[in-house]
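Written below as structure tokens is the structure these notes are about.
A quick note: this is a predicted structure, and the numbers were derived from the prediction, not measured. Values below: every heavy atom of this structure, side chains too, minus hydrogens, waters and symmetry copies. First listed ligand is number 1; within each ligand, the first listed atom is number 1.
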Amino acid sequence: DVTGSQVADFSFEDPKYDLRITTSKIIDSNGSLLGFVKIIRDRTRELAILKSKSEFIEIAAHQLRTPLTGMLWGWETLTKENLTDDQMEIVKSGLEATKIAVETVNDLLDVAKIEEGKFDFQFEEIDLISFIGEILEEMADLAKQANVKLFFQKPEVKELKVVADKHKLSIAVSNLLTNAIKYNVANGQAIISITKIADQPFVQVSVKDTGIGIPSEDAKRLFTKFYRAENAVKAVTEGIGLGLYITKNIVKSHGGDIWVESELNRGSTFYFTLATDQRLIPSNTAPIVEEY
Ligand code: ADP
């Protein structure tokens, strides 16, 4: 039995070598420690392939974004014209489809940046309460269309300062809220709340919904790339399963953690923590190791 592995990465230049060293305990059948094993894996070629894959995605996504932005503008202009009901329906579905394509391209670009270590963060002190209030305002239309009621449970204090990259954190919070709306039921609810963790320099944000829930065997894999649970694929055909991967990377880069609790057909609650102390923010932004 080999348990409790620790992983460390090393690089050498000239000639280039990328090594991953895994150290594990060796435990015998009685549970006593027999010793340790170190495995050194040469990842030079693997990382070079990953880099060229990310570069390909980045260039393709960039090239797609320009024409898509033009299409988006075209559809939006048409919605302001005096059209017949049938024509307006076509324009609206064109607009929706283009919006989904733009979001997909943005997700692909973010993932390529994460994997190349180019997802740069600009930290500043922000008030989490007004920050989430603004995101909720932007989400109002989406919630209304889906017939889902949005609620904000604020903490007792007026302001709650955290250290964050505003743009990146808004991607993370919007992803969780969009999912809480998208994977909900008609007349459902989505509730976002903030609590200060007692005696610790962290706040906890939770996004709770009354939706389709997550099968327990899928819960761990949701945060990996392209993973979608079967019940979600059935309920909502659109989506490529990158949102939670991006969200987890953003939360981890803020020194926080993210997890989910869910009951199938009853609803899910996603939790994440954020540091209130700048010193808890990690200095490197290497992509998180995929956990299964
Ligand atoms: P996408 O929504 O594009 O599939 P995400 O990465 O945001 O990608 O989510 C990955 C998967 O996690 C979803 O396909 C779904 O299976 C599950 N999921 C995420 N949020 C929820 C939720 N609030 N309720 C139920 N399932 C969810």
**Asked** For the residue pair Phe270 and Phe272, is the inter-centroid distance of their aromatic rings smaller than 6.0 Å?
**Response** no
**Prompt:** Can you check whether Ile240 has an N/O within less than 3.5 Å of an N/O in ligand 1?
**Reply:** yes
**Prompt:** For Asn231, is at least one N or O under 3.5 Å away from an N or O on ligand 1?
**Reply:** no
**Prompt:** Does the distance from a Lys or Arg side-chain N to an Asp or Glu carboxylate O, for Lys252 and Asp257, drop under 4.0 Å?
**Reply:** yes
**Message:** Nearest non-hydrogen contact with atom 7 (O) of ligand 1 belongs to which option: Thr178, Asn175, Asn179?
**Reply:** Asn179
**Prompt:** Any nitrogen or oxygen of Phe270, main chain or side chain, under 3.5 Å from a nitrogen or oxygen of ligand 1?
**Reply:** no
**Request:** Would you check the N or O atoms of Gly243, main chain and side chain alike, for any that come under 3.5 Å of an N or O of ligand 1?
**Result:** yes
**Message:** Please list, in number order, the atoms of ligand 1 under 4.0 Å from a heavy atom of Leu244.
**Reply:** 5 (P), 6 (O), 7 (O), 9 (O), 10 (C), 12 (O), 19 (C)
**Prompt:** When only distance counts, is Gly239 in polar contact with ligand 1, meaning an N/O pair under 3.5 Å?
**Reply:** no
**Request:** Could you grab the distance from atom CD of Glu124 to atom CD1 of Ile126, nearest 0.5 Å is fine?
**Result:** 7.0 Å
**Request:** Around atom 10 (C) of ligand 1, find the nearest protein heavy atom and jot down its residue, atom name and distance.
**Result:** Tyr227 O, 3.4 Å
**Message:** Holding to side chain to side chain contact (heavy atoms under 4.5 Å, CB included), I want the full list of residues that pass it with Gln200, two or more places apart in sequence or in another chain.
**Reply:** Ile197, Phe202
**Asked** Just which atoms of ligand 1 are under 4.0 Å from any heavy atom in Asp209?
**Response** 22 (C), 23 (N), 24 (N)
**Asked** Looking only at distance, does Tyr245 have an N or O less than 3.5 Å from an N or O of ligand 1?
**Response** no
**Request:** Determine, considering heavy atoms only, which of Gly267, Pro215, Ala232 sits nearest to atom 15 (C) of ligand 1.
**Result:** Ala232
**Message:** Tell me every residue that passes side chain to side chain contact (heavy atoms under 4.5 Å, CB included) with Asp85, counting only those two or more places apart in sequence or in another chain.
**Reply:** none
